[in-house]
Structure formats: C-alpha cells, structure tokens
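Worksheet for the structure shown next.
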Amino acid sequence: MCHIQYSNPAQPISDENILWYNYTLLRNSSLIFVLNDTNKIYTNFTHAHGDTDVLWNSTMSYSVNFSYTEDGGISWYEVTPSAEVLCSVYIWGASPILLYQKKMNYQGDGNFTLEFNSNIFPAGTISESYIVKITGEYIGFNIPSPVFFNVSIKALPTELEFYNYQNISGSSIKEIKQYYNEIFNISVKYKIKGGQNGIEDANLTYHWQFSTTPLSITADPLNPGFYTFSINTLLVNNIGKFNITVSASKFNYSSIITNFTLIILSRPTKINGYSNLLYINKTIWAGNDFLMSFEYIDSLTENRISKTDKAYFYWTKIVNDVLQQFSSNIDLEKDSNNLYILDFNASEKKIGTYVLYLFFEKNFYDTKSVVINLEIIERIFSVEVTLNNKVTTTIQVTKGTPVKIKLKITDLSRSNKPLSGARIILYIDGTSKNFTINEIENTGIYKLTLNTSDPDYQAFFVPQTLTGNFTIFKENYEIQSIPFKLTINMEEIIPGFPSIYFILLITGITGVSVGLIIDHYPKSIKSEHIQDQNSELKNYIKKKSS
C-alpha cells in the first residue's frame, strides 16, 4: 500500500482502497515505497456451500464468501466485485477432464453464488460422480485455496406400469388373465416414479420361461409414452401362473426390472349348449336303443372341439334307491361331424333305473360333465275283449252254447301297432282247465272258442256262474289281467224251458216240487212265461205218449 506525501493532482480521498496509481514526475521527487508484510496479507474462501447428492435434471447450487486480511487474519474484509470466482466441474482422475466452467455471480458482501442444471452431465443408469471446484482471484492478493465438492448425480428413479392394451386409460394392473390359445397385447409405461408421462425412446425387453433370450418391446405408435408387446399363450405347457420379467432402461433414468404375472385360464366350454353341469332325465321303453349325440364346444369360438384327450362314460343301476357297482369307463365314439355319440345298448338292459356319467376332457379346456338319469320302463298295450261278437268281458249263454272269445291287443308303445307274440292264458275259477289263447297269423288278434258242453260245467239244476281273467304276458311288457265272467244257464229242451223241468214232469214230480225248482229259476223269467212253458211242456209230453 502506497503512502503519498505529495501528488498533483492531489491524491483522491476515498474510503475505498486504491489499488492502481498513475504517476507523472514533474520535478525532482522521491518515490518511496513502503511494503507491508505479505505474510499478513492474503485471501480466503469461507462459508462454502454446495450440493453433493442430486438427481439428474435438478438444479445444482453453490455459494462461497471471498474475503481478505492485511493483519494476518485479525481483521477480514470482503472483496470488491472486481474479484473473479470460477465454478468448474470435472471428471476427476489422474488427468481431470473439465466438463463445465462458469463465473460465479457476486451477491455483495463478498458472497458469490451459481446455479445450473445437472442435466448437462450424464447420470448413467444409476449415478455418476463428479468434482466441483471453486477458485478465485483478487488482484493484488494471493490466490485462495480452492474449494472442492464431491458430487453424485443420480439417475432419475423410475417405475413400470402395466395396462390391458384395450384399456390403457384405466388403472394399471399387476397381473392379467388370459385364455389359452389367444394372442393378446400388454401395454407398458416406463415413467419417472410418481410422474404421469411415459419416458420415450427407452430400451424395453421382456423375458419368460418360454423365450431363450430377452425379447424387444416396441413403442406403441398409437399411444405416445407407451410400449407394447404380444404374448402367444399357445407357448405355455400348462394352465396356471407365469412370471414375465420386463426390463427398462434409458440414460439418465434408473434401470428397472419388474415381474408381471400372467394367468393362463382354461378355455370355457359348453356341452350341448350348457355351460354348467348338464343333467338329463330320460325315459325309454324296454327293448329300445338309447343313443345321444353331444357337442363339446369352445365357448369363445362356438366351434366344436375336434379332438379330446378323453371322452368316456360309465354307468350304474339303482336298486331300492341304492347305487350298484359302477361299470368300467367306456369310450364315446366320434363321428365325422365331431359329435360324440353315446350308445348305451339299452335294448339289452333290463327294466329299471340307470345313472350314466359322461366326461369330456381336453388339456387347456374346461372339463364338462353330463349326468343322465335313464329309466327303462315296461311297454304298455291296450286290450279289446269280444265275446260272441260283443265287446264285453261278461257273457251269459245256455249250456252247450259255445263262447267265441277274441282279444285284439294294440301296442301303445309303438304307435298303436298290433301286438304280436303275446302269451294269453284264460284262467277260469271252479274248473281244472286253463286255456291258452292263440294268435291269428301275427295280426295281434287272439281267438279261442270255449265249449260249454264240457262236463266240467255244471248247469243242470241251476245256472253256473264262473269268474276268471285273461292274463297277458310278453317280455318287456307289463302284465295285464282282465277280469272275465261267464254265466252258463241250464240246458233248455225248448227255448226258455230248462231240461230239468221236463225230467221232473216225466218222473212224476209233483207240482209242488216243480214249483220249488222253479223258484230257483232265474228271476228274470216272469211267472206268466213259466206257465206258458208248462203248458207247452204238457203238450209235448202228450204227443210223445201217443
């Protein structure tokens, strides 16, 4: 610092330190320089502050106070704005590489600051380290020791979100369900954690157990900020859950690997149009076959499933409400139209109730089941009985008069066709004979003539009434028993006059006896008619005696 005794013009008076002077010597003068002790004059940086850990694309801020002393640090003074402070950023090493340098801004009172964005430096996919160096110069003073900051610039934290490609405006999902044998798209958004917009121009791949190497995920041309990839579920070897690993990276953004769950569902099916258990009640006539066809359908395509892994049935019979032993599995046949045919051979089964269980199975498809309650019932028929050309089951004849019996049997279970091959037996109480009625040439008409002259029929003294039934048998048919009533009146020597009267008169039976016998004659014959018959009988006897 100079102390001037004389100057022309005069030395300016100022509170500020004067660092530079121009002198012009106009006469003999003496210049005397008095130098202060330099060990007591120096500068220094104090109160240095700066970021050491920042996210990429955020502001980096640094500040320092620049001051000097002339008395060895007893008193400190702030530098003037003429001082220069530089902030430099380096990749440090044996040979530091300067990446950035800028003059810091004077804020007064010796304070200098500088802010700049970290995005001018690469952050990699995790973080990168840099050195921030602050240096200064104040003319007339020594250069202060630089200030250093170790700075880590970190890649921006990211996250992956997954969407159903058909609904990217909806909520993100952690798993997706898809039917087997379908190709579908998954949408992915790679974004800053907590942000909204997707990161574009990133590198995305996915990998799962059915790919040997990671597969690329491409940007969605229709939805900026989204990426999409397709999955073919035909690749899977089973129904269940599968992890898909998605990786995403971009310089200055953190790399991320996230698992996404894909649930492969078996394809829904229908059997004969039913999605649930199909329960069938069926009743058939004995001796009939039982055939049914079944459509095993892919519900998503409505196409018949052409090849099953298994299509079979087994059956059992119900006896006294108890299931009997089950049969072994019997494969269903398949025709050229991909229909599965059930042939139960019911014509060979006995009358009763059967339960059939059918199963249709194919890998990756829903199994379908059918339960059939099958009742095999006796066939039914109707019978028309004709006695002596009159449709009736009750007849009266005089002893010796034949009874012509005709039965017409109609098979109601076969559209009212004549029933041939039946076995018909006429049972008559009070006799030792049962009569078989034979069919006339497979016509369903059965005839028999009953001879009432047979000695077994006793109608000499009084009429004889016989009851019985026609019993009809045929395999697989119900047994019918039709009541039959035959009244055989006493033999008549003349129409309306029983032979017994004639005999009694010949043998001299008294009128009283005759009267007693007449009392046993059917009440339907009027007394006047009996008297007439008595007169005719007397006349007949007189003729015989003459």
Side-chain angles (χ1 to χ4, degrees), residues 239 266 268-297 299 304-305 308-335 338-363 365-383 409-417 419-425 427 469-483:
I239 298 300
S266 57
T269 59
K270 294 186 287 189
I271 195 75
N272 285 11
Y274 288 86
S275 299
N276 299 317
L277 172 69
L278 176 56
Y279 188 85
I280 298 173
N281 275 315
K282 197 74 175 179
T283 301
I284 63 171
W285 299 114
N288 274 4
D289 286 327
F290 179 61
L291 294 171
M292 280 195 72
S293 61
F294 294 90
E295 271 190 321
Y296 188 31
I297 296 174
S299 299
R304 292 174 185 169
I305 299 173
T308 59
D309 297 320
K310 292 181 181 179
Y312 63 93
F313 76 98
Y314 58 86
W315 61 273
T316 184
K317 189 176 182 181
I318 298 177
V319 178
N320 296 326
D321 296 328
V322 177
L323 293 175
Q324 304 303 298
Q325 183 177 356
F326 289 97
S327 72
S328 58
N329 292 349
I330 305 170
D331 290 336
L332 297 170
E333 298 294 330
K334 188 181 73 170
D335 66 12
N338 293 322
L339 290 173
Y340 294 87
I341 309 301
L342 167 67
D343 184 358
F344 183 52
N345 292 325
S347 60
E348 301 177 4
K349 302 292 189 297
K350 295 182 179 180
I351 292 167
T353 300
Y354 298 82
V355 181
L356 288 72
Y357 301 91
L358 287 74
F359 296 92
F360 300 82
E361 301 174 5
K362 184 176 176 64
N363 198 20
Y365 289 77
D366 285 347
T367 296
K368 280 292 170 281
S369 303
V370 180
V371 177
I372 300 175
N373 190 72
L374 177 64
E375 186 177 5
I376 300 176
I377 62 174
E378 294 177 321
R379 292 181 176 274
I380 58 174
F381 56 86
S382 64
V383 182
I409 305 179
T410 301
D411 190 339
L412 300 178
S413 64
R414 285 195 170 96
S415 303
N416 298 323
K417 292 182 179 180
L419 178 63
S420 295
R423 180 185 174 208
I424 306 175
I425 298 176
Y427 297 93
N469 58 71
F470 300 101
T471 302
I472 304 167
F473 307 88
K474 187 173 182 179
E475 185 179 6
N476 293 331
Y477 285 78
E478 65 180 357
I479 297 175
Q480 281 199 38
S481 185
I482 301 172

For [X] and [Y], which heavy atoms make the closest approach, and how far apart are they?
X	Y	value
N276	K368	O-CD, 4.4 Å
I351	N476	CD1-CA, 4.2 Å
K317	T353	CG-O, 3.4 Å
S293	N272	O-ND2, 3.4 Å
I280	V370	CD1-CG1, 4.1 Å
I472	A422	CG2-CB, 4.1 Å

Is it true that atom [atom1] of [X] has more than 12 heavy atoms of other residues, nucleotides or ligands lying nearer than 6.0 Å?
X	atom1	result
E375	CD	yes
Y314	OH	yes
K282	NZ	no

Indicate yes or no: at least one non-hydrogen side-chain atom of [X] is less than 4.5 angstrom from one of [Y].
X	Y	value
L419	Y477	yes
Y365	F360	no
L356	F344	yes

Flag, side chain of [X] to backbone of [Y], donor-acceptor distance under 3.5 Å:
X	Y	value
S347	D289	no
Q324	V322	yes
R304	L339	no
K270	E295	no
S369	L277	no

TODO: Any chance you could measure D343, atom CG, to M292, atom CE, to the nearest 0.5 Å?
DONE: 12.5 Å

Task: Approximate separation, where rounding is to 0.5 Å, of I305 CD1 and E361 CD - done: 12.0 Å

Task: Residue among W315, F326, F313 satisfying ring-ring contact (aromatic ring centres under 6.0 Å, His included) with Y354 - done: W315

Open item on the list: Between R423 and I425, does the side chain to side chain contact (heavy atoms under 4.5 Å, CB included) criterion hold? Intermediate values first, please.
Closed with: CA-CA 7 Å; R423 180 185 174 208; I425 298 176; 3.2 Å; yes

TODO: State, without any angle test, whether D366 and S266 hold a side-chain donor-acceptor pair at a distance under 3.5 Å.
DONE: yes

Open item on the list: Suppose we screen for salt bridge (Lys or Arg N to Asp or Glu O under 4.0 Å). Which residues come up paired with D411, at least two apart in sequence or across chains?
Closed with: R414

- [ ] Give a yes/no verdict on a cation-pi contact between K362 and Y296, requiring under 6.0 Å between NZ or CZ and the six-membered ring centre and an angle within 45° of the axis.
- [x] no

